[in-house]
Amino acid sequence: MAEIHERLRGAAQAGNIDELYALIREDANVLEDIDQKPFFDTPLHIAAAAGHADFAIEIMNLKPSLALKLNPDGFSPIHLALQNGQKETILDLLGIDKDLLRVKGKGGKTPLHYVVGEAVDRHLLITFLLCCPECIRDVTNQNETALHIAAQNNLWEVFEVLVGWLRRIDNKDGKLWEKEVLNWKNKEGETVFHIAVSKNQPKMAKLLLESGIDKNAKNWGGLTAMDILQGQSQFRKSETFEILDYAGCVKASSIPINSTFDKFLRSKISFSEKSNLVMSRMRKNISNSTRNALLVVLVLILTATYQSAVNPPYDLGQAYLKQNNVFPAAIGVANDQPVDFGAPFPFDTPNNQPGNPFDTTNNQQGDSGTDLNDLIGFKLEPLAVSFSIFNAVDFLVTLLVTLFILPWVPYGQLLHVLLLLVFIFFVASMGLSLTLTTSNIGIGVFGVFVVVTIIIGIFIVNNKVRSKEFYRECMKEFGDRVRIRKHNDINKK
């Protein structure tokens, strides 16, 4: 076994693909045996370090898992390719699997961390970001992002590229990534802003302030960036101090001590909070597949109820219209006789001049014997009132359920605002329709339900906002180390 491994090592160093397959014919499990070893200089490590891209690709096709394996020094094949300047091999490996950029080696450093720390090639750095945008969220064992590494090494141009990438990324979670990465804390609780100030890097500090970072964030020692700067000699003469002072950065002693989260946990649970908890737990128990199915059904119900309000069933008032001969030309039916559209309109005056049916100053009755009271009687038709009220209730309840199950994703505020606009237009359309089909009582009932719906809708949205604010305040007060670990665990899965 040792002999065949030595021959395989020689084939990898020479990039001899024919020899590779000759060894596989001798022992079909040769690559599998290597893969079983936890830490090993595999043929892929050797070929990547030597720059034999074709041989490395051949190994990856045969045994992709070898690309994730670390050697005894704690490096993966792509780490070794970086250390030896094998750019073409790196690009070929990424062409097969872009997630190789997220493989952590010694110290928890990914290839992106290495490229940033060594300032190897900014073009290669940009290629990494384009291939795998998520890699900018990865942190080392010291909880350091690529931004931390760039700031510690005073690499302004690399730092500028990373911040520019974060501010321009168009990923669906781009805004969340920008806020989190710029404000992440390392093992000492220092953000990138702390490090930039401690290194007296005014351009970095100014760029971070323009990006909307938390300028008064505290490290685990309770110090802000201004505290760190004022600990340096002749700080008032520095350009960095002028930038921080202009931006409103202050010392930790000037920030009120806020232990609201501690008080909150020790306080009694109010009715409002209890309601929020019940709603949050119910919403989180809905799976994504169930939520999607429910949203489809709810949209169909909303469409049907809205359409019924705009165009109510014709039979609601037809019987009454037939009985009282109201607007025969409008509905095309009058005592089961064909309608003569050239005949006088029921509200025409005796001189066959169109009259105003609502004009009660000259006459209260047209030639057909139908007066204003008949029209009001039609609007009080019980079946029409009942239908309109139940249809309105159905619409509003469905809208509330839709609002309840919608997930609170990034830019969820915008989604809920758009839904509110749709709600307003729906209500306006239904209100206009209801004035033509129901009585004042029906319209009043509908108005009451609209008010109730608005109140409940505001309560639901406020519940979602408070849930997010609760988490945000907790992280702000006690640090985001757990949050960083959580994100990296998810990414590994």
Side-chain angles (χ1 to χ4, degrees), residues 107 109 112-122 125-126 129 136-137 139-169 175 177-258 475-481 484:
K109 293 184 177 181
L112 178 67
H113 296 141
Y114 180 83
V115 170
V116 170
E118 299 296 327
V120 177
D121 186 344
R122 287 203 307 276
L125 167 63
I126 295 172
L129 294 173
I136 201 169
R137 306 176 67 198
V139 296
T140 67
N141 292 346
Q142 302 298 317
N143 271 349
E144 293 176 341
T145 65
L147 285 169
H148 285 89
I149 297 174
Q152 287 173 346
N153 292 278
N154 299 322
L155 301 173
W156 161 243
E157 292 179 345
V158 172
F159 186 87
E160 197 174 21
V161 168
L162 292 172
V163 175
W165 169 260
L166 277 171
R167 298 179 69 179
R168 291 177 175 87
I169 190 171
K175 187 66 177 179
W177 294 3
E178 178 185 352
K179 184 176 181 179
E180 290 185 341
V181 173
L182 290 175
N183 291 286
W184 271 353
K185 297 179 179 180
N186 61 15
K187 206 166 185 178
E188 287 73 37
E190 294 184 337
T191 66
V192 182
F193 189 52
H194 285 92
I195 296 175
V197 171
S198 66
K199 295 290 185 178
N200 198 19
Q201 292 287 330
K203 291 191 292 185
M204 288 186 183
K206 184 177 180 180
L207 180 59
L208 289 171
L209 288 170
E210 292 174 351
S211 303
I213 51 93
D214 185 0
K215 58 188 178 184
N216 292 318
K218 299 178 184 179
N219 60 17
W220 302 143
L223 301 178
T224 65
M226 182 60 85
D227 289 314
I228 294 175
L229 182 62
Q230 293 188 8
Q232 302 175 359
S233 61
Q234 298 182 342
F235 66 91
R236 292 189 182 276
K237 297 181 180 180
S238 67
E239 182 183 354
T240 305
F241 176 77
E242 295 179 0
I243 294 173
L244 267 63
D245 186 56
Y246 180 79
C249 299
V250 298
K251 298 178 63 176
S253 59
S254 301
I255 302 175
I257 299 177
N258 184 7
M475 292 297 103
K476 185 176 180 180
E477 186 169 349
F478 293 97
D480 53 0
R481 185 180 300 183
I484 296 174

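Being a predicted model, the structure only gives us computed values, none of them experimental.
- Distance check: Leu162 CG to Leu207 CG gives 10.5 Å after rounding to the nearest 0.5 Å.
- Taking NZ of Lys203 as the reference point, atom OG1 of Thr240 lies at 11.5 Å (rounded to 0.5 Å).
- Taking CG of Leu147 as the start and CZ of Phe193 as the end, the distance is 14.0 Å to the nearest 0.5 Å.
- Under the side-chain contact (heavy atoms from CB on, under 4.5 Å) rule, Ser211 has a single partner from Asn183, Leu166, Val163, which is Val163.
- Checked by atom type and distance alone, the side chain of Lys215 never pairs as donor or acceptor with a backbone atom of Leu244 at under 3.5 Å.
- Side-chain contact between Asp227 and Lys218: absent, with no pair of heavy atoms (C-beta onward) separated by less than 4.5 Å.
- Within the model, atoms CD1 of Ile136 and CH2 of Trp177 stand 9.0 Å from one another, a figure rounded to the nearest 0.5 Å.
- Heavy atoms only, all atoms of each residue included: Asn216 and Gly248 are closest at ND2-O, 4.0 Å.
- By the 4.5 Å heavy-atom criterion applied to side chains, Phe159 and Gln201 are not counted as neighbours.
- For Cys249 against Met226, the heavy-atom pair with the smallest separation is O-CE, 3.3 Å.
- Taking the side chain as every heavy atom from C-beta outward, Val116 and Asn153 never approach each other to under 4.5 Å.
- Shown here for Gln152 and Lys199, the closest heavy-atom pair between the two residues is O-CE, 3.4 Å.
- Counting only heavy atoms from C-beta outward, the side chains of Asn219 and Lys185 never approach each other to under 4.5 Å.
- Side-chain atoms of Trp165 do not come within 3.5 Å of backbone N or O of Ile126 as any donor-acceptor pair.
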- Checking salt bridge (charged side-chain N to carboxylate O under 4.0 Å, His left out) for the pair Arg122/Glu157: CA distance, chi angles, key distance, verdict? CA-CA 8 Å; Arg122 287 203 307 276; Glu157 292 179 345; 2.5 Å; yes

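- Val250 approaches Thr224 most closely through the heavy-atom pair O-OG1, 2.8 Å.
- Between the side chains of Gln232 and Asn200, no donor N or O sits under 3.5 Å from an acceptor N or O.
- Atom NE2 of His148 sits about 9.5 Å away from atom CD of Glu188, to the nearest 0.5 Å.
- No side-chain heavy atom of Leu182 sits less than 4.5 Å from a side-chain heavy atom of Thr191.
- When all heavy atoms are compared, the tightest approach of His113 to Glu144 is NE2-O, 3.9 Å.
- Between Val192 and Ile213 there is no side-chain heavy-atom pair separated by less than 4.5 Å.
- With a 4.5 Å cut-off on side-chain heavy atoms, Glu178 and Ile169 do not count as touching.
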- Message: Before you tell me yes or no, could you show the steps for Gln230 and Phe241 under side chain to side chain contact (heavy atoms under 4.5 Å, CB included), namely the whole-Å CA-CA distance, both residues' side-chain angles and the distance that decides it to 0.1 Å?
- Response: CA-CA 8 Å; Gln230 293 188 8; Phe241 176 77; 4.3 Å; yes

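- Across Ser238 and Leu229, no two heavy atoms sit closer than the pair OG-CD1, 4.3 Å.
- Note that CE of Met204 and CG of Leu209 are 13.5 Å apart. Values are rounded to the nearest 0.5 Å.
- Under the 4.5 Å side-chain criterion, counting only non-hydrogen atoms from C-beta, Lys109 is not in contact with Tyr114.
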